[in-house]
> 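Provided herewith is a single structure, encoded as structure tokens, for subsequent inquiry.
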Amino acid sequence: MKYAAPRGTKDILPDEAPLWQAIERACRETFGLFNYREIRTPVFESTEVFSRSIGDSTDIVSKEMYTFADRKGRSLTLRPEATASVVRAALENNLLSTDNLLKVYYLGPMFRYERPQAGRQRQFHQAGVEAFGSADPSLDAETVQLSVKLFENLGLKELAVDLNSVGCPECQPVFREALKKYFAAHLAELCDDCRQRFAANPLRLLDCKEARCQKYIEQAPAMIDHLDPECQAHFAKVRGWLDGLKVKYRVNDRLVRGLDYYTRTVFEVVSKQLGAQNAVCGGGRYDNLVKQFGGKSVPAIGFAVGLERLAEIMGKSKVKSQKSKVDLFIAVLGEQAKKVAFDLMSQARDLGLSADTDFLGRSLSAQLKAADRLGAGYVYIIGDDELAKRSAALKNMKTAEQKEVPFAELFTQFAGECGKGCSCEE
RNA sequence: GUGGGUGUAGCUCAACUGGUUAGAGCACCAGAUUGUGGAUCUGGGGGUUGGGAGUUCAAGUCUCCUCACUCACCCCA
């Protein structure tokens with residue numbers, strides 16, 4: 001084999017496409033219920049759009065971006081996530097203001113240069129929402145509720161919502177120092193990775209999986225105990241609203257998110273049915289990002305859902321979408337019969353019926369076999385005799401019954417046969 | 001970027017400590033049925049054993065390199 005899809009990419013084949021369509025449909029519908037409207041941004045942007053927003057020190061920016069120079073030497077990057085693009089687009093098109101709310105959603109491929117593993121690819125798909133213009137805790141709660149609602153609409157269970165607050169630019173640095181102070185005393189006992197984290201990003205110390213680090217992590221200070229009064233009040237209100245909405249969640253004071261722009265509320269939805277990469281949805285508030293981009297100070301919140309991970313769970317949960325079926329297959333014997341078939345198929349398709357015929361010159365027996373495999377509802381059999389009398393047998397593939405129907409009356413008969421008009425798609 | 005596992009037909013897997021022409025099931029195609037699908041029977045097409053180099057009289061099997069897949073770490077959806 002000479003060609004293969006690039007490492008970390010996948011073909012979505014006809015058999016699995018219906019599952020993807022179902023997922024995308026559910027996303028659009030659910031987002032719509034919460035009054036989000038779609039926004040489509042380019043899959044690549046100026047590199048600075050990402051490096052300046054996601055954070056230069058994050059792994060995404062420092063080692064995972066697909067960055068290239070175009071023919072004029074401009075540095076462009078395939079989007080590793082969509083929030084930065086959406087902020088750029090909203091600012092560029094004057095969609096943001098401090099006294100109006102903007103709710104937008106997106107759906108599409110993202111790109112990160114990582115080592116592939118279960119639930120992780122180099123090209124993957126996310127659906128997400130972003131709401132701009134309100135710092136109100138009720139919006140945080142609605143956003144979490146929306147993610148939960150989406151999974152409910154997809155029929156998924158065994159999911160859990162983790163919630164935390166990472167504070168704001170005032171209180172987070174204080175907590176960071178407290179953490180460093182605490183871990184400094186145990187530095188020698190920690191794993192290599194944690195010693196790295198200590199220097200680069202102390203918050204990450206909290207979600208180390210190494211057993212030897214666990215006992216120190218358990219005793220470590222928690223962000224929620226170090227929130228300033230405003231952040232603390234905000235977090236309490238978010239929880240209040242969530243309780244009011246009867247959304248189940250657990251406070252996870254070890255939840256840390258990897259993007260620099262998050263403030264206050266962060267959350268994740270995790271599934272037990274996935275491997276190590278078990279987050280199907282992650283998000284949070286980012287009240288300073290718009291300002292950082294050079295806009296006004298517009299608070300915002302959003303989340304992203306990993307569609308491959310969703311598809312993975314749905315495959316396991318046997319939430320299967322039905323196979324596509326062809327309503328009418330026309331079996332033909334000879335060139336003349338095929339001409340008639342082509343004419344009839346045109347009519348069928350004008351009526352909204354899916355139709356197909358033989359293109360391989362197969363025997364009648366083989367054509368019926370093919371029709372059977374296509375899940376054809378009916379087969380219309382045209383040979384020389386039929387051409388002469390301009391009438392042929394219409395066979396019901398379920399009951400195996402067949403009856404003589406003139407060419408001219410095929411579709412009136414057909415409508416009667418399959419019942420309700422001609423909508424046999426169901 | 002780091003570590004482990006795996007690469008044999010479209011798919012799932014065989015092939016004793018290296019030994020003749022690499023097999024089976026499923027799937028596919030054809031015929032039995034010269035014009036009637038699902039079942040059955042018969043036959044058939046399919047492979048550079050991921051690729052390359054090496055050891056050997058002899059390599060699917062052993063060694064090295066490489067590529068891919070996979071799982072985990074880092075990190076993230």
Side-chain angles (χ1 to χ4, degrees), chain A residues 1-10 13 15 54-55 57-64 79-83 107-128 147 191-194 196-197 200-201 203-204 207-210 255-259 267-271 274-284 302-313 329 331-334 337 360 362-386 392-402:
Chain A
M1 171 136 50
K2 197 169 179 189
Y3 297 106
R7 185 164 166 78
T9 67
K10 254 186 188 147
L13 302 175
D15 278 350
I54 298 169
S57 65
T58 61
D59 277 25
I60 291 182
V61 172
S62 64
K63 59 180 202 189
E64 295 176 0
R79 62 181 182 194
E81 58 118 34
T83 301
L107 194 80
M110 308 293 159
F111 307 84
R112 290 182 201 171
Y113 190 93
E114 300 181 270
R115 195 91 171 247
Q117 98 187 54
R120 168 184 293 160
Q121 294 171 220
R122 290 184 173 179
Q123 176 176 341
F124 61 104
H125 297 79
Q126 286 187 333
S147 69
C191 69
D192 291 350
D193 283 333
C194 277
Q196 286 289 121
R197 295 184 182 109
N201 188 353
L203 290 187
R204 296 232 66 92
D207 65 355
C208 181
K209 289 156 194 161
E210 205 71 39
L255 176 62
V256 188
R257 313 224 70 254
L259 285 60
F267 71 100
E268 254 179 27
V269 181
V270 298
S271 167
L274 293 171
Q277 311 307 321
N278 64 350
V280 278
C281 171
F303 67 73
V305 174
L307 300 189
E308 276 76 8
R309 294 181 187 178
L310 210 53
E312 176 70 16
I313 302 173
F329 187 93
V332 291
L333 296 161
L360 297 173
R362 297 211 257 220
S363 67
L364 177 61
S365 165
Q367 289 189 47
L368 278 158
K369 198 171 178 179
D372 186 43
R373 260 199 301 268
L374 289 173
Y378 291 84
V379 177
Y380 197 50
I381 301 164
I382 308 177
D384 292 340
D385 298 349
E386 287 79 2
L394 179 64
K395 176 165 187 164
N396 180 326
M397 293 297 277
K398 271 219 179 73
T399 63
E401 288 166 24
Q402 57 186 67

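Lettering of chains follows the sequences in order, A, B, ..., and the numbering in each one begins at 1.
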> Give the rounded distance in Å between these two atoms: CD of A:E114 and P of B:U70.
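So the two atoms are 14 Å apart, to the nearest Å.
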> Pick the P atom in B:A14 and in B:A53, then give their distance to the nearest Å.
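That atom pair is separated by 28 Å.
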> Quickly work out the A:R7 CZ to B:U66 C1' distance and round it to whole Å.
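So the CZ-C1' distance, A:R7 to B:U66, works out to 13 Å.
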> Hunt down the Watson-Crick or G-U wobble partner of B:C75, both distances under 3.5 Å, from any strand shown, or write none.
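Checking every strand shown, B:C75 finds no partner, since no pair has both distances under 3.5 Å.
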> OP1 or OP2 of B:U70 versus the side-chain N and O atoms of A:R115: is any pair under 4.0 Å?
no
> Side chain of A:R120, base of B:C75: donor and acceptor closer than 3.5 Å?
yes
> Between B:C75 atom P and A:I54 atom CD1, what is the distance in whole Å?
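Going from A:I54 (CD1) to B:C75 (P), I get 16 Å.
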> Both distances below 3.5 Å, Watson-Crick or wobble geometry, any strand: find the nucleotide opposite B:U36.
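With both distances under 3.5 Å required, B:U36 matches none.
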> Give the intermediate values and the outcome of side-chain contact (heavy atoms from CB on, under 4.5 Å) for residues A:R115 and A:R120.
CA-CA 8 Å; A:R115 195 91 171 247; A:R120 168 184 293 160; 5.7 Å; no
> Checking side-chain contact (heavy atoms from CB on, under 4.5 Å) for the pair A:T58/A:L259: CA distance, chi angles, key distance, verdict?
CA-CA 7 Å; A:T58 61; A:L259 285 60; 5.5 Å; no
> Rounded to whole angstrom units, what separation is found between the CG atom of A:D207 and the P atom of B:C73?
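In whole Å, B:C73 P lies 11 Å from A:D207 CG.
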> Quick one: closest heavy-atom pair of A:A392 and A:E386, and the distance?
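Scanning both residues, the minimum pair turns out to be CB-CG, 3.4 Å.
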> Searching all strands shown, indicate the nucleotide that pairs with B:A59 (Watson-Crick or G-U wobble; both distances under 3.5 Å).
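Base-paired to nothing in any strand shown.
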> For B:U21, give its Watson-Crick or G-U wobble partner with both distances under 3.5 Å, or none.
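Looking at the geometry, B:U21 pairs with no nucleotide.
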> Using side-chain contact (heavy atoms from CB on, under 4.5 Å), reason through A:V332 and A:Q367 one step at a time and then give a plain yes or no.
CA-CA 8 Å; A:V332 291; A:Q367 289 189 47; 4.2 Å; yes
> Taking the C1' atom in each of B:A77 and B:G4, what is the distance between them to the nearest angstrom?
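One C1' to the other, the span is 25 Å.
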> For A:L255 and B:A77, what is the distance between atoms CG and C1' respectively, to the nearest whole Å?
13 Å
> Between C1' on B:A77 and CZ on A:F111, what's the gap in Å once rounded to a whole number?
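Distance, rounded to whole Å: 14 Å.
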> Please check the phosphate of B:C73 (OP1 and OP2 only) for any side-chain N or O of A:Q277 closer than 4.0 Å.
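Result: yes.
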> Are A:V269 and A:V305 close enough that some pair of their side-chain heavy atoms sits under 4.5 Å apart?
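The answer is no; the side chains never approach within 4.5 Å.
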> For B:C69, which nucleotide in any strand shown is its Watson-Crick or wobble partner with both distances under 3.5 Å?
B:G5
> Is any side-chain heavy atom of A:P109 less than 4.5 Å from a side-chain heavy atom of A:H125?
yes
> Taking only the P atom of each, what is the distance from B:G7 to B:U17 in whole angstrom?
15 Å
> Would you indicate what A:R204 reaches in the nucleic acid, counting non-hydrogen atoms under 4.0 angstrom: base, sugar-phosphate, or nothing?
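A:R204: backbone/sugar contact only, no base atoms under 4.0 Å.
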> What are the two closest heavy atoms between A:R257 and A:G282, and how far apart are they?
NH2-CA, 3.7 Å
> Is there a donor on the side chain of A:K63 or the base of B:C74 sitting less than 3.5 Å from an acceptor on the other?
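Check passes, donor-acceptor contact within cut-off.
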> Which value, in whole Å, describes the distance between the C1' atoms of nucleotides B:U21 and B:G47?
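Between the two C1' atoms, the distance is 14 Å.
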> Contact class for A:G8 (heavy atom, under 4.0 Å): base, sugar-phosphate, or nothing?
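Sugar-phosphate, backbone atoms only, no base.
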> May I have the distance from A:R309 (atom CZ) to B:C71 (atom C1'), rounded to whole angstrom?
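A:R309 atom CZ is separated from B:C71 atom C1' by 14 Å.
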> What about A:E312: does its side chain form a donor-acceptor pair under 3.5 Å with the base of B:A77?
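Not at all, since no donor on one side and acceptor on the other fall under 3.5 Å apart.
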> Just by protein heavy atoms under 4.0 Å, how would nucleotides 28-40 of chain B read 5' to 3' in B, S and -?
SSSS---BBBB--
> My understanding is that a pair needs two contacts under 3.5 Å, Watson-Crick or G-U wobble. By that rule, which nucleotide pairs with B:G43?
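Looking at the geometry, B:G43 pairs with B:C29.
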> Base, sugar-phosphate, or nothing for A:A279, non-hydrogen atoms under 4.0 angstrom?
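Answer is sugar-phosphate: A:A279 comes under 4.0 Å of backbone atoms only.
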> Side-chain N or O of A:Q117 versus OP1/OP2 of B:A72: is the shortest distance under 4.0 Å?
yes
> If you look at every heavy atom in A:G284 and A:F267, which pair is closest and at what distance?
N-CE2, 4.1 Å
> When the nearest nucleotide of RNA chain B is assigned to A:E81 and to A:A5 on a heavy-atom basis, which residue is associated with the more 5' position?
A:A5
> Is there a Watson-Crick or G-U wobble partner for B:A14 with both distances under 3.5 Å, and if so, which one is it?
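No nucleotide pairs with B:A14.
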> Between CD of A:E308 and NZ of A:K10, what distance do you get to the nearest 0.5 Å?
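The CD atom of A:E308 sits 7.5 Å away from the NZ atom of A:K10.
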> Please measure how far the P atom in B:U2 lies from the corresponding atom in B:C65, and state the result in whole Å.
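Result for the P pair: 14 Å, nearest Å.
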> Can you find a heavy atom in the side chain of A:R309 that is under 4.5 Å from one in the side chain of A:Q126?
no
> Among the nucleotides B:C75, B:A77, B:C74, which one has an atom lying closest to any side-chain atom of A:E64?
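Looking only at heavy atoms from C-beta outward on A:E64, the closest nucleotide is B:C75.
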> Pick base, sugar-phosphate or nothing for A:G119, based on heavy-atom distances below 4.0 Å to the nucleic acid.
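Base contact - A:G119 has a heavy atom under 4.0 Å of at least one base atom.
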> For B:A58 and B:U20, measure between their P atoms and round to the nearest Å.
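Looking at atom P only, B:A58 and B:U20 are 15 Å apart.
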> Quick one: A:I60 CD1 to B:C74 P, roughly how many Å, whole number?
15 Å
> So which one's nearest nucleotide on RNA chain B is more toward 5', A:L307 or A:A276?
A:A276
> Rounding to an integer number of angstrom, what distance separates B:U12 and B:C71 when you compare their P atoms?
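It comes out at 14 Å once rounded to the nearest Å.
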> Considering only the P atoms, how many Å lie between B:A9 and B:A22, rounded to the nearest integer?
14 Å
